[in-house]
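First listed ligand is number 1; within each ligand, the first listed atom is number 1. It should be emphasised that the depicted structure is a prediction, and the values quoted were computed from it without experimental measurement.
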Amino acid sequence: MKKITIAIDGYSSCGKSTMAKDLAREVGYIYIDSGAMYRAVTLYCLDNGLCTPEGIDTARLEAAMPHIRISFRLNPETGRPMTHLNDVNVEDRIRTMEVSAMVSPVAALGFVREALVKLQQQMGKEKGIVMDGRDIGTTVFPDAELKIFVVASAEIRAQRRYDELKAKGQEASYEEILTNVKERDYIDQNRAVSPLRQAEDALLLDNSHLTIEEQKQWLKERFEEAVK
Ligand code: DC
């Protein structure tokens, strides 16, 4: 069967990664969470004092970019990809509220996007990849054979992220998460470089009222149509 490229874009916390990850496992494709890469750069900024109350030290971050190595390694027990920053597993640290609160401004920087898009394109050279993010269908893989754009209401997305953090035993406030979700929507949609938008040839999926099982099934059907 021919291998294709699958781009899954949409708003934060709308279940893109769950469906992308499941499909990749089922069809034997590589799965890449591009948001994790922007989160890893943000964590680097926080750990190295590049995010200050005055903003991001863009000059120092730009100089540091060639030294920020991001990779994914499979956890042998769970089979899930773990994000590594300069060879250290940062999978849990990049999901904290501290990183979520800073990631959109970091992801709005042109030089950060340029470096990460290049890396993402390299990862997808051989096709057989499912990548999720904000600009995968528009910028990273404009020729992807299957493009999905996922939407759900901000309240439903905040509840999902709240449940996720709670399940991991992390402290969380629903109100704080909802504010963060709305702020990130605004920044992601209004930034100058590669703003979040639906590619013209992307299929729209509103999963506000779908179960994970239902959206998984929907995606599998779209995949089967695309590889036919
Ligand atoms: O999907 P996520 O919430 O983990 O993404 C984190 C942030 O990274 C989000 O605020 C937008 C940004 N992002 C992006 O700008 N482009 C991508 N391809 C993926 C994520």
Any nitrogen or oxygen of Tyr38, side chain or backbone, less than 3.5 Å from one on ligand 1?
no
Evaluate the side-chain proximity of Phe72 to Met37: yes if any heavy-atom separation is below 4.5 Å, no if none is.
yes
Winner among Arg134, Arg95, Arg161 once heavy atoms are compared against atom 2 (P) of ligand 1:
Arg134
Taking distance alone, with no angle check, do Ser13 and ligand 1 share an N/O pair under 3.5 Å?
no
Pair Asp135 + Arg197: basic N to acidic O under 4.0 Å
no
At what distance is the nearest protein heavy atom to atom 4 (O) of ligand 1, and which residue and atom is it?
Arg39 NE, 2.7 Å
Assess Arg113 for proximity to ligand 1: is some non-hydrogen atom of it under 4.0 Å away?
yes
We want to know whether Glu221 and Gln217 form a side-chain donor-acceptor pair, criterion being a heavy-atom distance below 3.5 angstrom.
yes
Are any of the side-chain nitrogens in Asp185 or Arg157 under 4.0 Å away from the carboxylate oxygens of its partner?
yes
Before signing off on this row, confirm whether Asp33 and ligand 1 have an N or O atom pair separated by under 3.5 Å.
no
Does a salt bridge link Glu224 with Lys220, judged by any charged N lying under 4.0 Å from a carboxylate O?
yes
Is there any N or O on Arg191 that sits under 3.5 Å from an N or O of ligand 1?
yes
Looking at atom 19 (C) of ligand 1, what's its closest protein heavy atom, distance included?
Ser34 OG, 3.3 Å
Of all the atoms in ligand 1, which lie at a distance below 4.0 Å from a heavy atom belonging to Ser104?
10 (O)
Going from OG on Ser12 to CD1 on Ile187, what distance comes out if it is rounded to the nearest 0.5 angstrom?
10.5 Å
Are Arg39 and Thr83 close enough that some pair of their side-chain heavy atoms sits under 4.5 Å apart?
no
Which protein heavy atom lies closest to atom 3 (O) of ligand 1, and at what distance to 0.1 Å?
Arg184 NH1, 2.9 Å
Carboxylate-amine/guanidinium contact Asp87 Arg73, below 4.0 Å:
yes
Member of Val99, Leu85, Asp47 meeting the side chain to side chain contact (heavy atoms under 4.5 Å, CB included) criterion with Arg93:
Asp47
Atom 20 (C) of ligand 1 [closest protein heavy-atom partner, distance rounded to 0.1 Å]
Gly35 CA, 3.5 Å
Report, in ascending order of atom number, the atoms of ligand 1 lying under 4.0 Å from any heavy atom of Asp135.
16 (N), 17 (C), 18 (N)
For ligand 1, which atoms sit closer than 4.0 Å to a heavy atom of Ala107?
12 (C), 15 (O)
